[in-house]
Amino acid sequence: MADNGPTLDNVEGFVAELEAAAAINDPRLHVWWEIIILLNDNLVSPGTGVIRPFNAYYGIPAQHRTFAERAYRWLRMHHFSGTTRYALARIGPTKPGLVAQTRDGMMRHELSRARRPTRVLCSPEQQAFPAKITSETMVWATDGALKSITAITPRPETLQDIPHTFGQMLPYVRLVADALSDRSEIIDKKETSRQVRLVKCTSGTVFEDTAWFLVVSTPTDGV
């Protein structure tokens, strides 16, 4: 079968279906994630940058081939869009056991949703390098799992106070930019290191971009 590239018919709903499967602990997820890792880790041929065609993959169980082709087209689309890291982070929490494994390796204060945890306890065992990330795919999947653990879902009654449109966000962006600028001004003026001078000489363009990033990145749905 000719590979005509990704289409909406192949990839639309892919993430939603994974999330629905995770919600019911679908046993197929274990195999599906093996397929996702296989596809993504071998999507680009080393040295040439050529995209590997789907028919060049071997060892995919016949009963999961339809899923594999949809996953391939979804990954291929994100590769060409430059959004693979975000796409894999989005589906990371659907990998069986990944969220639990990530949570087990975190400190108690890292799991706290309190803005100012009152007690921080260090565990030498948990500070040891775990070496649990075994592929590039798992780098971003684990990042998504970690963010799902630490994400804060706003209470329904507070959602109306969160700006959603460009016009609603605009005044807050200016406030954030001004706060960033003011913070750079209160740095010890006697400090003359290059790092401090760089902060003090940050341009308005960078402040505006940073402020927009902070405002737009504020979660409104717990993701």
Side-chain angles (χ1 to χ4, degrees), residues 6 11 13-46 49 51-52 54 57 59-61 64 67-115 117 120-154 213-214 216-223:
V11 300
F14 180 76
V15 173
E17 290 175 19
L18 278 179
E19 292 175 339
I24 61 172
N25 295 317
D26 192 316
R28 295 175 297 177
L29 276 170
H30 291 275
V31 178
W32 286 355
W33 263 95
E34 289 177 359
I35 292 171
I36 290 170
I37 294 171
L38 170 69
L39 294 174
N40 190 68
D41 283 351
N42 298 281
L43 186 62
V44 181
S45 298
I51 300 298
R52 189 186 305 273
F54 178 72
Y57 288 92
I60 296 174
H64 297 292
F67 170 84
E69 185 164 5
R70 291 189 66 217
Y72 170 81
R73 292 180 180 276
W74 183 77
L75 290 165
R76 189 172 184 266
M77 177 188 70
H78 282 291
H79 171 77
F80 284 120
S81 299
T83 54
T84 298
R85 60 182 294 181
Y86 307 107
L88 291 173
R90 172 65 186 273
I91 66 171
T94 70
K95 187 179 188 301
L98 182 58
V99 171
Q101 174 184 295
T102 303
R103 183 186 290 111
D104 289 344
M106 297 172 67
M107 301 282 193
R108 189 171 67 179
H109 65 274
E110 294 171 332
L111 296 170
S112 172
R113 306 238 171 163
R115 292 298 184 184
V120 177
L121 297 175
C122 286
S123 167
E125 294 80 12
Q126 287 181 299
Q127 286 185 304
F129 187 73
K132 292 179 179 178
I133 297 176
T134 56
S135 71
E136 184 177 352
T137 299
M138 290 308 301
V139 170
W140 307 120
T142 302
D143 182 60
L146 190 149
K147 285 183 170 61
S148 75
I149 294 169
T150 58
I152 298 176
T153 303
F213 175 81
L214 292 172
V216 173
S217 298
T218 299
T220 59
D221 57 4
V223 176

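Aromatic ring orientation, Trp74 versus Phe14: tilted (interplanar angle from 30° to 60°).
Put simply, the side chain of Trp33 does not reach to within 4.5 Å of the side chain of Leu98, judged on heavy atoms.
Closest of all the heavy-atom pairs between Arg52 and Tyr72 is O-OH, 2.7 Å. The two atoms that bring Glu110 and Thr150 nearest to each other are O-CG2, 3.8 Å, heavy atoms only. For His64 against Trp32, the heavy-atom pair with the smallest separation is ND1-NE1, 3.3 Å. When all heavy atoms of Ile60 and Ala68 are compared, the pair lying nearest together is CG2-CB, 3.7 Å. Of all non-hydrogen atoms in Asp41 and Glu136, the two that sit nearest each other are OD1-N, 3.9 Å. Summarising the geometry of Val44 relative to His79, their closest heavy-atom pair is CG2-CE1, 3.4 Å, with the distance given to 0.1 Å.
The salt bridge (charged side-chain N to carboxylate O under 4.0 Å, His left out) search around Glu17 returns Arg70, not counting sequence neighbours. With sequence neighbours excluded, the residues that form a side-chain contact (heavy atoms from CB on, under 4.5 Å) with His30 are Pro96.
Looking only at distances, a side-chain donor or acceptor of Tyr57 sits under 3.5 Å from a matching main-chain atom of Leu39.
Ile91 contributes atom CD1, which lies 4.0 Å from atom CD1 of Ile36 (distance to the nearest 0.5 angstrom). Interatomic distance, NZ of Lys132 versus OG1 of Thr142, reported as 10.0 Å (0.5 Å rounding). Atom-to-atom distance recorded for Asn40:CG and Ile35:CD1 is 13.5 Å, nearest 0.5 angstrom.
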*Please report the C-alpha distance between Phe80 and Ile51 in whole Å, then the side-chain angles of each, then the deciding distance to 0.1 Å, and finally whether the side-chain contact (heavy atoms from CB on, under 4.5 Å) criterion is met.*
CA-CA 10 Å; Phe80 284 120; Ile51 300 298; 3.6 Å; yes

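His78 and Thr84 form no side-chain donor-acceptor contact under 3.5 Å, judged by distance and modelled atom types alone.
The one candidate from Leu88, Ile37, Asp143 that meets the side chain to side chain contact (heavy atoms under 4.5 Å, CB included) condition with Met138 is Ile37.
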